[in-house]
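See structure below.
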Amino acid sequence: MCKSIFKLLSGNPNTQKRTTNSSISLISILGSIFSLLLLVRIILVNTSTRIYTPDFKNTPGVEYYDLQNYKGNKNGWQMGDRIVFCVPLRDAAEHLPRFFRLLNNMTYPHNWIDLTFLVSDSKDDTMGVLLDNLKSLQSNKDKTKIFGNIEIFEKDFGQIIGQSFSDRHGFAAQGPRRKLMARARNWLGSVALKPYHSWVYWRDVDVEVIPDTIMEDLMHHDKDIIVPNVWRPLPEWLGHIQPYDLNSWKESGGGIQLANTLSDDAVIVEGYPEYATWRPHLAYMRDPSGDPEVEMELDGIGGVSILSKARVFRAGSHFPAFSFEKHAETEAFGKLSRRMKYNVVGLPNYVVWHIYEPSSDDLKHMEWLAEEEQKRLEESKIREFYDKIWEIGFEDVRDKWSEDRMQVLKNVDPNKLGRNVFVDWSDTDEDYEQDEENLATESNSKDANNEEAPVFVPEILGEDAKLKADFNPDEV
Amino acid sequence: MRGVSEIAYRLRKSHIIRYLLPLFTTFLVISILYSRSNIEIGTNDLIQKHRWAHEDEDSFYFTYSKKFKMPAYSYNSKKDSNKNWLFFSSKQEDVIPQSHIAHYDLNKLKSTANAAVDKEQILILTPMQTFHAKYWENLLQLTYPRELIELGFIIPRSKSGDNALKLLEREIKKIQTGKKEQRFHKITVLRQESPSFNELGEKQRHALEVQKERRAKMALARNELLFSTIGPYTSWVLWLDADIVETPPTLLQDMTSHDKPVLAANIYQKFKNPDDNNKIDIRPYDFNNWAESAIALELASKMDNDEIIVEGYSELATYRPLMAHLYDQNGDINAEMHLDGVGGGCTLVKAEVHRDGAMFPNFPFYHLIETEGFAKMAKRLGYEITGLPNYLAYHVEE
């Protein structure tokens with residue numbers, strides 16, 4: 001090809017007719033491709049890109065947005081996609097410092113992150129702590145570390161169920177509780193979302209470990225709705241770790257069957273034996289050494305960390321505060337979004353760690369553990385005291401005895417046979433006679449008999465014993 | 001036998017087969033062995049030497065295994081990357097409010113019968129495919145204080161949308177750059193992202209087959225408009241179609257005074273009656289305001305999950321009491337009636353209904369779609385739907 005073009009361009013008079021033909025056809029092909037591209041460009045420019053844009057820059061109180069610009073890109077951190085963080089808060093004062101520390105470490109350009117909070121029914125100083133943290137967050141000297149617009153909303157919904165009640169009747173209380181939480185989420189979502197947002201990120205404050213790149217990690221999958229796996233650490237006596245969020249699941253035949261038997265207002269909740277759904281849960285799909293990029297289609301999702309394209313919420317998907325297909329809140333959000341033809345995906349091997357809050361059973365067990373520890377301590381104190389008394393009140397002869405014992409037992413060792421025991425009787429006869437005399441003369445002295453008994457000195461005794469044996473009290 | 005000897009002969013003669021065959025065989029054997037060792041645990045590693053993930057990571061609490069690398073993200077801005085010779089720049093920079101900290105107490109937000117006195121904000125929402133001058137005139141003659149009115153428009157991505165937008169822009173500029181007390185509190189104009197709701201022609205607009213698709217698109221447009229514009233200070237939302245050209249000037253005061261969560265006016269149409277010397281006469285227009293009937297419920301129970309019921313088709317005779325037919329010229333203008341389905345022509349909704357999640361389903365929700373589905377959803381959330389059969393708003397004559 002190149003040769004023929006060269007030949008053509010150099011205008012070699014000897015060029016054969018065949019070559020000329022092929023070069024001409026080549027040129028015509030190139031030309032037609034070029035003109036086709038031009039045509040495509042003209043068509044594209046005329047159809048897709050040339051829509052009318054009004055100019056309201058100098059008109060007060062008027063805003064214009066082309067929602068096509070805010071569909072959400074998979075590399076949003078390069079395209080300047082704005083994310084709105086939606087964080088529902090209730091009695092969260094103790095969790096907020098941790099939340100803001102994690103937030104500040106995020107790698108997504110902070111300027112493009114808008115923060116919105118809903119503070120509801122809080123008995124502690126959630127609002128005060130929130131404002132303090134926001135102030136210090138926004139007074140960062142590094143301008144690139146400052147977040148975008150921040151909006152705080154207050155709205156009390158009232159608590160339908162008391163804490164103690166829900167402890168006792170956990171199962172029955174789940175439905176109304178979930179519906180109430182859904183209302184709170186919807187109030188926040190509806191006021192937080194602005195036309196210029198491309199992504200919406202729902203996040204609970206009580207997250208312990210989360211990668212700094214969480215936004216990019218979730219966003220680059222380019223899904224309408226995506227959730228990570230959520231686990232939580234446990235104390236050692238409970239086995240270290242546990243899947244936490246069981247609201248992320250894929251629908252099962254059992255689940256559908258169960259749903260058909262329930263009344264219109266019933267809410268199925270996972271993790272209760274009353275509602276056995278046999279659904280595959282995202283949490284249990286985790287392979288600790290697996291690829292974090294693996295995706296899993298889901299029907300219901302949990303609310304700890306949801307990244308969603310803003311267009312999903314704009315199109316009307318939300319957290320149903322009524323029983324939608326026998327579900328409510330985040331699980332129903334998943335179902336509703338699926339119904340509206342959006343894809344809902346979970347990452348089984350990519351884990352966010354929720355904090356550990358002990359349940360009432362755990363608290364009981366921990367109380368028991370603490371009691372046991374207390375008992376042990378008291379016991380050891382008493383023992384110490386007794387030990388001291390013992391030391392003072394009794395002489396410890398155990399060391400001495402262990403020595404003596406050897407000496408004593410040595411002589412009664414039945415294992416040594418044929419022992420040659422030599423006894424020197426040479427001077428005993430005299431002694432005996434003497435004794436007879438003494439007995440006769442000093443008959444009133446009773447003790448003398450014992451004192452003058454013959455001394456038995458076995459050969460095998462050591463030097464010491466010999467010396468002792470030689471010791472004659474009479475000589476003193 | 002002959003075959004074998006021939007193969008042997010070929011092997012001897014052909015160099016390619018002679019060298020390639022053994023090579024290929026060894027490759028095959030190795031690849032089989034290798035793949036097996038990957039599938040079965042313990043073939044390449046003793047089970048005693050197996051290490052759990054947490055032993056390699058030195059912790060139970062790792063977010064993902066170090067065995068795999070996450071992609072390295074580049075933070076170079078690509079905001080202008082869609083500027084190239086083929087596509088030009090398709091993205092126009094919108095003005096986005098700069099950083100601020102705002103604090104709203106939604107507990108104080110109320111929607112009461114005394115809306116104008118209590119200074120409650122009303123958001124008027126209009127999906128607009130054609131701009132009717134009369135619509136705008138009607139909007140301007142409303143007596144509710146303008147500083148309490150916010151307007152929202154959504155415009156389809158089409159030629160007719162362009163035309164409507166141009167006309168709308170001119171009128172908006174006229175009013176917003178005029179006297180301060182004449183201005184509306186805020187106006188938001190949106191260009192639709194979802195498929196245009198007016199792609200279908202006027203004639204086939206009411207054919208049953210296309211009805212479902214058209215209303216699904218319309219529902220999407222309504223939702224996009226609603227959830228982009230509803231603000232923390234909005235107390236009421238009025239859905240006013242772009243082809244509603246005549247309402248009483250006190251429309252907002254009248255409708256809010258009923259203090260109902262969802263309240264629909266009766267939509268009629270003025271026309272020249274050829275039977276009556278071309279005198280102006282009125283006729284019912286919007287049949288989406290209805291109360292439920294046992295027949296319709298029975299009809300729905302027999303339907304597939306994906307089918308919808310719509311009014312005004314002989315194939316689907318529901319015998320529902322339609323508000324459009326219940327207009328009484330001499331009746332009390334404030335008469336109320338209970339409804340189960342509403343249209344979007346002129347419907348006032350308390351903002352809390354939308355905030356609780358009542359939206360316009362773009363899928364069959366209990367066999368209902370768009371505004372009728374919205375009514376059903378509001379009912380599921382525990383709100384009641386009310387209609388004003390004797391309170392008229394007029395649709396433009398087509």
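We name chains A, B, ... by the order of the sequence lines, and we start the count at 1 in each one.
When heavy atoms are compared at a cutoff of 4.5 Å, Phe363(B) approaches chain A solely by way of its side chain, counted from C-beta outward. Contacts of Lys166(B) with chain A are made by both backbone and side-chain atoms, with heavy-atom separations under 4.5 Å. Residue Asn362(B) touches chain A through its side chain alone, counting heavy-atom pairs closer than 4.5 Å.
To the nearest 0.5 Å, atoms NZ (Lys173(B)) and CG (Asp55(A)) are separated by 5.0 Å. To the nearest 0.5 Å, atom CG of residue Leu106(B) and atom CG of residue Leu118(A) are 7.0 Å apart.
By the 4.5 Å heavy-atom criterion applied to side chains, Arg355(B) and Arg183(A) are not counted as neighbours. Counting heavy atoms from C-beta outward, Ser74(B) and Gln78(A) have side chains that approach closer than 4.5 Å. With a 4.5 Å cut-off on side-chain heavy atoms, Val191(A) and Tyr104(B) do not count as touching. Contact check for Gln138(A) versus Ile101(B): side-chain heavy atoms found under the 4.5 Å cut-off. Contact of the Arg380(B) side chain with the Asp265(A) side chain is registered, since non-hydrogen atoms from C-beta on lie closer than 4.5 Å.
In this structure, Phe365(B) and Phe322(A) have perpendicular ring planes: the angle between them is above 60°, well past the 30° mark.
Here the closest non-hydrogen pair linking Pro71(B) and Glu293(A) is CD-OE2, 4.0 Å. Residue Leu381(B) comes nearest to Ala321(A) through the heavy atom pair CD2-CB, 3.7 Å, listed as atom of the first residue, atom of the second, then distance. For Leu234(A) against Tyr61(B), the heavy-atom pair with the smallest separation is O-OH, 3.9 Å. Between Ala53(B) and Pro288(A), the shortest heavy-atom contact is CB-CB, 3.4 Å. Nearest heavy-atom pair, Phe153(A) versus Pro232(B), reported as atom, atom and distance to 0.1 Å: CE2-CB, 3.6 Å. Across all non-hydrogen atoms, the minimal contact from Phe68(B) to Asp291(A) is CE1-N, 3.4 Å.
For the residue pair Tyr73(B)/Asp217(A), the side-chain donor-acceptor check at 3.5 Å is satisfied.
Ion pair Glu193(B)/Arg314(A) not flagged as a salt bridge, since none of the NZ, NE, NH1 or NH2 atoms sits closer than 4.0 Å to an Asp/Glu carboxylate oxygen.
Arg191(B) forms no cation-pi arrangement with Tyr70(A), by the criterion of a distance under 6.0 Å to the ring centre and an angle within 45° of the ring axis.
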